[in-house]
S.K.: 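Below you'll find the structure I mean.
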Amino acid sequence: MQIGYKLAAEGYGPAELVRQAVSAEAAGFDFVEISDHFHPWLDNQGHSPFAWGVLGAVAARTERIGLATGVTCPTVRYHPAVIAQAAATLALLSEGRFTLGVGSGERLNEHVVGRGFPDSVRVRQDMLREALEIIRLLWRGGYRSYEGRYLRLEDARVFDLPPSPPVLAVAAGGEEAARMAGELGDGLFATEPRGELVRAFRDAGGGGPRYAEVPVAWAPDESSAARAALETSRWALTGWKVMSELPNPVNFDAAAATVREEDVLNHFACGPDPQRYAEVAQPFVDAGFDHLVMQNAGPDPDGFLDFYRSDLDSRLRALTPRG
């Protein structure tokens, strides 16, 4: 079991994220994961720095901890050739500690370049498949070209390649995407404890790491933690269909207006009780995920890191599938 710490790029500026990553390494986390957004989910989160710049600084400031994007969309805002180059560079700077997490994206971030964001989920998945093929092609070295239905590549070469390509983990909200992760990726990314995603990934040939984000909120008391999560992370309860479609933070504010504190308490592990954190993490372990990312929505990141070191690390690592 590997345990990761989510760098909440929507809630903190770049220097603070680097500091948290260094502290996460000292606290015993195995890896840090950062979202790659252009906008925050809500205006009151107030941040959204360039994830790749943050990860480069984290690589330079740390020695052991793994790094991951959770996740990057390599189809609209970025061309996959740019992501292939960026991932190769980060793999070199981190000496092999980097995992490239990719997905089909959200309108929130991708519409900003004015190319549009496909309404059809099928088109988004087909674009992602082409992007994965391009990234794999460029990581083989040499000059490469590609002619797809949506994406093209012309005489491109990534000159600085690591000895081994980065792990490529593909985000899946459904079984078709999970099968694509097994076919073209090395790992799986998900936000829900759904065993059918892991089964589809494995049935398609996937044998690598399975990442899942566990919703938590640390504070000295349960109520304070729940209020903090409600203020900044209520968007997480809207569901993936909403999360992938809305264009701006103001839309997420409206969509999440009816979320209540009791809804947060049902979804998140809130407060200082380590047993509650184990209860929220257990369904992900049961579903077959082996890389758990602690996505802390609480108001005190240093308090959470201390809590993890003293009360949570060994408890989470001891979790095994039930039945």
S.K.: Salt bridge or not between D311 and R315? Use side-chain N to carboxylate O under 4.0 Å.
M.R.: no

S.K.: Roughly how far apart are L161 CG and L138 CG, rounded to 0.5 Å?
M.R.: 8.5 Å

S.K.: Would you confirm whether N109, through its side chain, and G105, through its main-chain N or O, come within 3.5 Å as a donor-acceptor pair?
M.R.: no

S.K.: Can you confirm whether or not the ring centre of Y5 sits under 6.0 Å from the ring centre of F31?
M.R.: no

S.K.: So do the side chains of L292 and Q2 get within less than 4.5 Å of each other, counting heavy atoms only?
M.R.: no

S.K.: As a quick check of understanding, evaluate side-chain contact (heavy atoms from CB on, under 4.5 Å) for R276 and V280, giving each step before the final call.
M.R.: CA-CA 6 Å; R276 174 58 180 156; V280 172; 3.5 Å; yes

S.K.: Kindly list each side-chain donor-acceptor pair under 3.5 angstrom involving residues 167-184, sequence neighbours excluded, with atom names and distances?
M.R.:
{"residue": "E176", "atom": "OE2", "partner": "R122", "partner atom": "NH1", "Å": "2.6"}
{"residue": "E183", "atom": "OE1", "partner": "R129", "partner atom": "NH1", "Å": "3.2"}
{"residue": "E183", "atom": "OE1", "partner": "R129", "partner atom": "NH2", "Å": "3.0"}

S.K.: Is it the case that one hydrophobic cluster holds both L17 and L42, taking links as side-chain heavy atoms less than 4.5 Å apart, direct or via other members?
M.R.: no

S.K.: If we only count heavy atoms from C-beta on, is the D306 to S310 side-chain gap below 4.5 Å?
M.R.: no

S.K.: Evaluate the criterion salt bridge (Lys or Arg N to Asp or Glu O under 4.0 Å) for residue pair D253 and R234; output intermediate values, then yes/no.
M.R.: CA-CA 8 Å; D253 190 27; R234 59 189 181 275; 2.5 Å; yes

S.K.: Of R152, E133, E130, which meets side-chain hydrogen bond (donor to acceptor under 3.5 Å, both in side chains) against Y146?
M.R.: E133

S.K.: Taking the side chain as every heavy atom from C-beta outward, state whether N251 and N248 have any atom pair closer than 4.5 Å.
M.R.: yes

S.K.: Quick check: closest heavy atoms across V76 and G116, and the distance to 0.1 Å?
M.R.: CG1-O, 3.6 Å

S.K.: In Å and rounded to the nearest 0.5 Å, what is the CZ to CE distance from F304 to M294?
M.R.: 6.5 Å

S.K.: Quick one: salt bridge (charged side-chain N to carboxylate O under 4.0 Å, His left out) partners of R136, sequence neighbours excluded?
M.R.: D186

S.K.: Could you tell me whether the side chain of P166 reaches within less than 4.5 Å of the side chain of W139, counting heavy atoms only?
M.R.: yes

S.K.: For Y78 and D36, which I'm curious about, is there any donor-acceptor pair between the side chains at under 3.5 Å?
M.R.: yes

S.K.: Please tell me if the side chains of R107 and D119 come closer than 4.5 Å, counting only heavy atoms from C-beta onward.
M.R.: yes

S.K.: Tell me whether S224 contacts the main-chain N or O of D221 through its side chain, where contact means a donor paired with an acceptor under 3.5 Å.
M.R.: no

S.K.: Do P249 and L108 have side-chain heavy atoms sitting under 4.5 Å apart?
M.R.: yes

S.K.: Under a 3.5 Å distance rule, please check whether E110 uses its side chain to pair with a backbone N or O of R77 as donor and acceptor.
M.R.: yes

S.K.: How close do V264 and C270 get, counting heavy atoms only, and between which atoms?
M.R.: CG1-SG, 4.1 Å

S.K.: Is R210 reaching over with its side chain to a backbone N or O of G208, donor-acceptor style, under 3.5 angstrom?
M.R.: yes

S.K.: With a 6.0 Å cut-off (strictly less than), is the heavy-atom count around CD of Q275, excluding the residue itself, greater than 12?
M.R.: yes

S.K.: Less than 6.0 angstrom from the centroid, inside 45 degrees of the normal: does R157 satisfy that with respect to the ring of F159?
M.R.: yes

S.K.: Counting N and O atoms only, with roles assigned by atom type, does the side chain of S48 sit under 3.5 Å from a partner on the main chain of H37, one being a donor and the other an acceptor?
M.R.: yes

S.K.: Tell me whether the centres of the aromatic rings in Y211 and F289 are closer together than 6.0 Å.
M.R.: no

S.K.: Give the intermediate values and the outcome of salt bridge (Lys or Arg N to Asp or Glu O under 4.0 Å) for residues D286 and R194.
M.R.: CA-CA 9 Å; D286 294 341; R194 295 169 55 191; over 6 Å; no

S.K.: Please say yes or no: joined through hydrophobic side-chain contacts below 4.5 Å, possibly via intermediate residues, are V113 and V71 part of one cluster?
M.R.: no

S.K.: Is the number of heavy atoms from other residues, nucleotides or ligands under 6.0 Å of E196 CD greater than 12?
M.R.: yes

S.K.: Got a donor-acceptor contact below 3.5 angstrom from the D30 side chain to the G4 backbone?
M.R.: no

S.K.: With rounding to the nearest 0.5 Å, note down the distance linking OG1 in T62 to CD in E25.
M.R.: 5.0 Å

S.K.: State the OG-CG distance between S35 and L7, to the nearest 0.5 angstrom.
M.R.: 8.5 Å

S.K.: Do we see a donor-acceptor contact under 3.5 Å between the side chains of E33 and T69?
M.R.: no

S.K.: Heavy atoms only: give me the nearest A24-I65 pair and the separation to one decimal.
M.R.: C-CD1, 4.0 Å

S.K.: Kindly check if the number of other-residue, nucleotide or ligand heavy atoms within 6.0 Å of CZ (R149) is above 12?
M.R.: no

S.K.: Looking only at heavy atoms, which two atoms of F117 and S244 are closest? And how far apart?
M.R.: CE2-O, 3.7 Å

S.K.: Identify which one of Y308, F307, W218, F268 satisfies the ring pair (Phe, Tyr, Trp, His ring centres under 6.0 Å) criterion when paired with Y277.
M.R.: F307

S.K.: Does one hydrophobic cluster hold both L319 and L312, with members joined at side-chain heavy-atom distances below 4.5 Å?
M.R.: yes

S.K.: Evaluate the side-chain contact (heavy atoms from CB on, under 4.5 Å) criterion for residues L128 and D126: first the C-alpha distance (whole Å), next the side-chain angles of each, then the deciding distance (0.1 Å), finally the verdict.
M.R.: CA-CA 5 Å; L128 180 60; D126 289 346; over 6 Å; no

S.K.: Grouping I, L, V, M, F, W and Y whenever their side-chain heavy atoms are under 4.5 Å apart, do V102 and L188 come out in a common cluster?
M.R.: yes

S.K.: Atom NZ in K6, atom CZ in F29: separation rounded to 0.5 Å?
M.R.: 13.0 Å

S.K.: Using ring centroids (six-membered ring only for Trp), state whether W52 and F98 fall under 6.0 Å.
M.R.: yes

S.K.: Is there a path of hydrophobic side-chain contacts, each under 4.5 Å between heavy atoms, that joins L67 and F50?
M.R.: yes

S.K.: Given the rule in the ring pair (Phe, Tyr, Trp, His ring centres under 6.0 Å) test, do W41 and F252 qualify, once you have shown the distances and angles that lead to the verdict?
M.R.: CA-CA 7 Å; W41 296 101; F252 281 95; 5.0 Å; yes

S.K.: Step by step, would you call D155 with R144 a salt bridge (Lys or Arg N to Asp or Glu O under 4.0 Å)?
M.R.: CA-CA 5 Å; D155 293 332; R144 302 291 179 175; over 6 Å; no

S.K.: What's the separation between atom OG1 in T75 and atom CD1 in I134, rounded to the nearest 0.5 Å?
M.R.: 10.5 Å

S.K.: Quick one: closest heavy-atom pair of E261 and A226, and the distance?
M.R.: CG-CB, 3.7 Å

S.K.: For E154, does the CD atom sit with more than 12 other heavy atoms under 6.0 Å from it, leaving out its own atoms?
M.R.: no

S.K.: Verify salt bridge (Lys or Arg N to Asp or Glu O under 4.0 Å) between D302 and R19, making sure each step is shown before the conclusion.
M.R.: CA-CA 10 Å; D302 291 313; R19 187 195 70 81; 3.1 Å; yes

S.K.: Whether the R124 and S120 side chains hold a donor-acceptor pair (N or O, under 3.5 Å, no angle test) is what I'd like checked.
M.R.: no

S.K.: Could you tell me if the side chain of E106 sits less than 4.5 Å from the side chain of C73, heavy atoms only?
M.R.: no

S.K.: Does L153 reach the side chain of H79, with side-chain heavy atoms less than 4.5 Å apart?
M.R.: yes

S.K.: For V242 and A255, which heavy atoms make the closest approach, and how far apart are they?
M.R.: CG1-CB, 4.2 Å

